[in-house]
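One structure below.
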There are 2 protein chains.
Amino acid sequence: MATRTRRSQRRTQALSRERIVEAAVELLDTAGESGLTFRALTERLATGPGAIYWHVANKEELLGAATDAVVAAAVAIGPSAATATTSPAAPATPPAEEAGAAGSAQDGVRLVALGLFDAIVRHPWLATQLATQLSRNPWGTVTPRIFESIGRRVSALDVPESSWFTVTSALVHYILGAAGQNAVNKAGARTLAPGVDRAEFLDTVSTAWEELDPDEYPFTRAVAEQIRGHDDREQFLAGVDLVLAGVTATHHR
Amino acid sequence: MATRTRRSQRRTQALSRERIVEAAVELLDTAGESGLTFRALTERLATGPGAIYWHVANKEELLGAATDAVVAAAVAIGPSAATATTSPAAPATPPAEEAGAAGSAQDGVRLVALGLFDAIVRHPWLATQLATQLSRNPWGTVTPRIFESIGRRVSALDVPESSWFTVTSALVHYILGAAGQNAVNKAGARTLAPGVDRAEFLDTVSTAWEELDPDEYPFTRAVAEQIRGHDDREQFLAGVDLVLAGVTATHHR
DNA sequence: TCCAGACTGGAACGTTGTTCCAGAAAAGAA
DNA sequence: TTCTTTTCTGGAACAACGTTCCAGTCTGGA
């Protein structure tokens with residue numbers, strides 16, 4: 001009987017690669033990186049391993065597909081568009097394009113950067129996964145996707161074409177590095193109470209840094225206080241602006 | 001008999017946390033991330049799991065210790081000092097300090113950055129591990145170590161103290177992001193023949209990018225050619241200079 | 001109606017991180 | 001010396017994981 005119900009359900013919403021990836025993302029979001037196992041996946045999808053392996057080669061490919069799906073939504077939409085994180089693909093011309101005319105290509109960069117930042121905040125597992133993905137196979141779909149999204153805005157900047165690659169690389173590297181590290185704050189405070197847990201977390205780190213050896217860590221102790229009240233997004237944007245300032249200072253004059 | 005030899009050897013060079021971490025680093029270097037298993041570790045150290053677990057809590061802590069050891073050597077020595085990557089700890093005042101007088105605090109930043117870059121090139125597993133380590137527990141020893149090393153140079157720059165944290169964060173994030181991604185090139189060409197394999201690798205990526213959809217990826221296709229002949233270290237340094245230029249443009253005047 | 005191919009899921013395999021514990025080796029106490 | 005305690009070891013075993021195998025179901029077309 002249970003089989004009958006499951007079977008009819010199976011053909012109603014048949015198992016597809018998209019449904020598997022979607023379930024994988026949900027599992028990663030709710031249970032963390034270690035929560036995504038084929039056992040949990042089969043249970044959630046009410047199926048067996050063979051069915052999944054028919055659509056997906058192995059776990060690495062599944063993680064890649066999940067990463068790609070989330071990144072695609074992030075670079076297409078921009079920041080704070082919370083829903084539909086696993087939509088299949090980005091339209092050729094992202095909506096974020098609407099943001100700027102001529103001079104505000106910088107705003108475009110900021111927008112895409114914030115989109116990725118927010119995506120990592122929403123999906124903390126992205127931080128590690130992006131590092132793995134980008135360094136293991138740069139010929140995959142995720143690297144070009146990010147590169148294209150940032151690079152398009154860079155080319156609208158006042159930068160000679162010979163420097164496009166360098167400038168875009170620098171921006172992408174900063175964005176991924178910063179977003180990756182900052183993701184932890186929200187990851188630690190996974191549960192509700194966004195403000196409280198977060199302040200508590202920063203407080204813990206700050207006091208831990210203040211108790212370091214004064215001889216070995218004078219600087220870290222000196223700035224430990226600054227970490228206490230800082231806003232992640234603001235700080236992240238300040239970094240983007242720093243790089244952008246460097247770009248205009250170096251190239252535009 | 002073999003037991004007798006092993007036993008006397010055991011007390012001669014007893015199993016210690018340092019020896020375990022050292023073996024772990026060697027295993028990671030030679031066999032990659034997946035090569036570090038407790039089975040391989042017990043075999044290499046001629047011991048059992050219990051002995052290792054007496055000194056190390058679990059694999060995560062072992063990976064953290066390995067990362068910390070390599071990072072400590074990297075930020076202390078600076079670039080291209082290939083030997084003794086697992087030396088215990090950095091002296092309070094790193095030798096890299098010798099490099100600069102007043103104005104060349106920028107060179108200090110460059111030196112530390114290159115030190116980390118080279119470390120990741122020598123130990124490709126560092127890329128993923130740093131991302132994991134930094135995002136999972138920023139209160140660990142590795143984050144303050146990097147932060148201190150960069151931050152000390154930043155404070156020697158002409159930057160108001162209120163911006164120390166922001167500037168240092170931006171630099172660290174770029175360095176880790178860039179070094180992490182660039183590590184792949186050497187990782188792919190693990191074997192000998194440094195120049196040939198590398199050119200071949202870049203060629204593969206370049207052609208792959210050139211074959212992307214012209215409508216969806218115009219920018220990536222446009223810069224695909226630039227990737228072919230580029231030098232990683234040079235490009236990495238160009239990014240550091242970009243950030244440094246942004247710092248002076250923003251703060252110093 | 002039947003068939004070929006798409007698709008499924010239960011059972012099982014090898015490997016992994018980790019635990020358990022009887023006992024050896026070193027250090028003090030007598 | 002001899003006994004006792006603490007530090008430290010390593011073989012055996014466990015649960016969980018990714019993955020494979022394959023007998024079988026389902027579905028669209030002939």
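Numbers restart at 1 for each chain; the letters A, B, ... are given by sequence-line order, proteins then strands. Quick caveat, the model's predicted, so the values are computed rather than measured.
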Handout entry: pair A:Leu36-A:Trp125: side-chain heavy atoms closer than 4.5 Å
Key =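 The answer is no, as the side chains (C-beta and beyond) never meet within the 4.5 Å cut-off.
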
Handout entry: Side chains of B:Val71 and B:Leu130 in contact at under 4.5 Å (non-hydrogen atoms)
Key =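 B:Val71 reaches B:Leu130 side chain to side chain.
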
Handout entry: Short side-chain N/O contact to C:dA6 OP1/OP2 from A:His55, under 4.0 Å
Key =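 The answer is no; no side-chain N or O of A:His55 sits under 4.0 Å from OP1 or OP2.
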
Exercise for the section: Return no unless some side-chain N or O of A:Trp54 is found under 4.0 Å from OP1 or OP2 of C:dC7. Expected result: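 Affirmative; the distance criterion is met.
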
Exercise for the section: Please say whether more than 12 non-hydrogen atoms of neighbouring residues, nucleotides or ligands are located less than 6.0 Å from CD in B:Glu33. Expected result: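 Buried by this count: over 12 neighbours within 6.0 Å.
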
Problem - Salt-bridge present (A:Glu216, A:Arg221; N to O < 4.0 Å) - result: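 The answer is no: the pair does not qualify as a salt bridge.
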
Practice task
Write down the atom of A:Ile175, the atom of A:Ala113, and the distance for their closest heavy-atom approach.
Solution key: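 It is CD1-CB, 3.7 Å.
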
Handout entry: B/S/- contact track for nucleotides 14-21 of chain D, protein heavy atom under 4.0 Å
Key = ---BBBBB

Exercise for the section: Rounded to the nearest angstrom, tell me the gap between atom CZ in B:Arg19 and atom P in D:dC8. Expected result: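 For the pair B:Arg19 CZ and D:dC8 P, the rounded distance is 14 Å.
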
Handout entry: Between P of C:dG17 and CD of B:Glu43, the distance in whole Å
Key =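 Whole-Å distance recorded here is 14 Å.
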
Practice task
Using the six-membered ring wherever Trp is involved, compare the ring planes of A:Tyr174 and B:His173 and label them parallel, tilted or perpendicular (cut-offs 30° and 60°).
Solution key: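 Taking B:His173 first and then A:Tyr174, their aromatic rings sit tilted (interplane angle of 30° to 60°).
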
Handout entry: Those residues that, when tested against B:Arg39, pass salt bridge (charged side-chain N to carboxylate O under 4.0 Å, His left out) (two or more places apart)
Key =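 B:Arg39 satisfies salt bridge (charged side-chain N to carboxylate O under 4.0 Å, His left out) with no residue once adjacent residues are dropped.
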
Problem - Sub-6.0 Å ring centroid separation between B:Phe147 and A:Trp209 - result: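 Ring centroids of B:Phe147 and A:Trp209 are less than 6.0 Å from each other.
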
Problem - Stems formed with participation of DNA chain D [Watson-Crick or G-U wobble, under 3.5 Å, three or more pairs] - result: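 Stem list for DNA chain D: C:1-28 with D:3-30.
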
